Amino acid sequence: MLVALTACSTPPPAPSPASSAPPPSSASASASDKVHVSIGDSYATGFGPGGTTGESFASLVARQSGLRLVNLACNGATSADLATKPACGQDAGGRTQLDAAVETLRGKEVDLVTVVIGGNDLIPCALDQKPLECANRTLTDVRANVAAALTKLRAAAPATKIVGLTYPDVFLGAWVNPSFPDGKNLARLSVSMFEQFNGVLAAEYGKFGAKFADVTKATGAYQPLTQTTQDPKYGTVPASVAQVCSLTYFCDRTDVHPTPAGHKAIAEAVSAAR
């Protein structure tokens, strides 16, 4: 997922240093050969403010699970891009994210596939005059694109664990972000927008036997806006707003990406859904 006002390509990974260590034993080699395939947008790449790149939820999940990460995700990717634009990362090989993922599923021992997509489709709706109607229109395309991707992934690997993700409701941060003159109203509307978005995604993933990590719920967005807390920077605000301010950069930088704490919370939601 990428902030609406910026876009950036994924920087090439640094080469791994040569090692003089002896080859691993067959047992350790077998463990390290198991793969986590990650497709999607900048939530999976670890993109952050100013073009920085940190440890993403995908990297955290792979490391904590002892899996080798094949990260094909691209900054700014939409749901249509999965099947139409080149993948990113060192394993891309000039293929689309979907084609590269299918080839990996057929050729490697894949333990987990994560899919985080749809946020860049939805972002323009936050600035639309009628955000809920915009979300309705957008969801038609997102649902079709996600279904097409899952059809190919399941054909390649009928029994592999797939976890689809959603996002924190970053637009709750408009409550305190001065860039949005009508920020409180946008924050209120975003709750319905994400409920609708997540319901569609969860149902679509479920049709293909995939799990769904409701990151919106895991990051506190479904709490009533009347439930307040004292935030050290913004004073008395809804608890859900304070939480999204600590887990993303949206409140003070108008950047939708997660903080390190946000990536940790997303990784925990993925692990819980597996």
Side-chain angles (χ1 to χ4, degrees), residues 1 9-16 23-24 26 28-47 53 55-121 141-165 201 204-213 267 270 273-274:
M1 188 174 183
S9 60
T10 306
S16 299
S26 59
S28 62
S30 174
S32 63
D33 281 347
K34 290 187 176 180
V35 169
H36 166 193
V37 174
S38 164
I39 64 174
D41 56 33
S42 56
Y43 262 56
T45 71
F47 183 85
T53 302
E55 187 171 30
S56 70
F57 82 85
S59 180
L60 284 169
V61 169
R63 179 165 57 80
Q64 293 165 1
S65 304
L67 304 174
R68 181 173 75 85
L69 180 62
V70 173
N71 200 342
L72 304 166
C74 293
N75 297 334
T78 66
S79 59
D81 292 344
L82 294 179
T84 60
K85 292 188 178 180
C88 300
Q90 62 185 5
D91 298 290
R95 302 158 295 180
T96 67
Q97 290 194 52
L98 190 53
D99 286 344
V102 165
E103 189 168 326
T104 305
L105 283 164
R106 288 175 174 159
K108 305 288 184 183
E109 187 178 355
V110 178
D111 186 70
L112 174 67
V113 177
T114 53
V115 185
V116 57
I117 203 69
N120 287 308
D121 301 73
D141 291 334
V142 173
R143 179 176 9 215
N145 293 331
V146 167
L150 290 171
T151 298
K152 289 192 174 182
L153 294 173
R154 272 289 172 242
T160 297
K161 285 181 252 183
I162 299 175
V163 178
L165 288 75
L201 285 183
E204 210 58 46
Y205 283 109
K207 291 176 186 176
F208 292 87
K211 302 294 186 180
F212 182 68
V270 172
R274 290 179 62 184

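For this chain, numbers begin at 1 and follow the sequence in order. What you see is a predicted model; the values in this text were computed from it and never measured.
Take A273 and apply the side chain to side chain contact (heavy atoms under 4.5 Å, CB included) test, not counting sequence neighbours, and it matches V163, K211, A213. With sequence neighbours excluded, the residues forming a side-chain hydrogen bond (donor to acceptor under 3.5 Å, both in side chains) with E103 are R95, listed by chain and number.
T104 contributes atom OG1, which lies 6.5 Å from atom CG of D91 (distance to the nearest 0.5 angstrom). If you take CG on L105 and CD1 on I162, they are separated by 7.5 Å, rounding to the nearest 0.5 Å. Taken to the nearest 0.5 Å, the OH atom of Y205 stands 6.0 Å off from the CG atom of L150. Considering CG of L153 and CD1 of I39, their distance stands at 5.0 Å, rounded to 0.5 Å. Taking CG from D111 and CZ from R68, the interatomic distance works out to 13.0 Å, rounded to the nearest 0.5 Å. To the nearest 0.5 Å, the span separating OH on Y43 from OG1 on T114 amounts to 14.5 Å.
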task = Please test L112 against V61 for side chain to side chain contact (heavy atoms under 4.5 Å, CB included), starting from the C-alpha separation and ending with a verdict.
result = CA-CA 10 Å; L112 174 67; V61 169; 3.7 Å; yes

request  = Go through V146 and L201 one step at a time and tell me if the side chain to side chain contact (heavy atoms under 4.5 Å, CB included) criterion holds.
outcome  = CA-CA 8 Å; V146 167; L201 285 183; 4.2 Å; yes

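Contact detail for A58 and N71: the closest heavy-atom pair is CB-ND2, 4.3 Å. Minimum interatomic distance between A155 and P158 (heavy atoms only, all atoms of both residues): O-CD, 4.3 Å. Summarising the geometry of S56 relative to A44, their closest heavy-atom pair is OG-O, 2.8 Å, with the distance given to 0.1 Å. Considering every non-hydrogen atom in both A77 and N120, the closest pair reads O-ND2, 2.8 Å. Between L82 and A149, the shortest heavy-atom contact is CD1-CB, 4.2 Å. Closest non-hydrogen pair, I117 versus S79, comes out as CG1-CA, 3.5 Å.
Sorted by first then second residue, the side chain to side chain donor-acceptor pair (under 3.5 Å) pairs that include residues 152-164, not counting sequence neighbours, number zero.
Looking at heavy atoms from C-beta onward, F57 lies in side-chain contact with V116 at the 4.5 angstrom threshold. A heavy-atom distance below 4.5 Å is found between the side chains of C74 and Q97.
A donor atom on one side chain and an acceptor atom on the other are not found under 3.5 Å apart for T78 and D121. For the residue pair H36 / S65, no side-chain donor-acceptor distance below 3.5 Å is found, with atom types taken as modelled.
For the pair S59 (side chain) and E55 (backbone), a donor-acceptor distance under 3.5 Å is absent.
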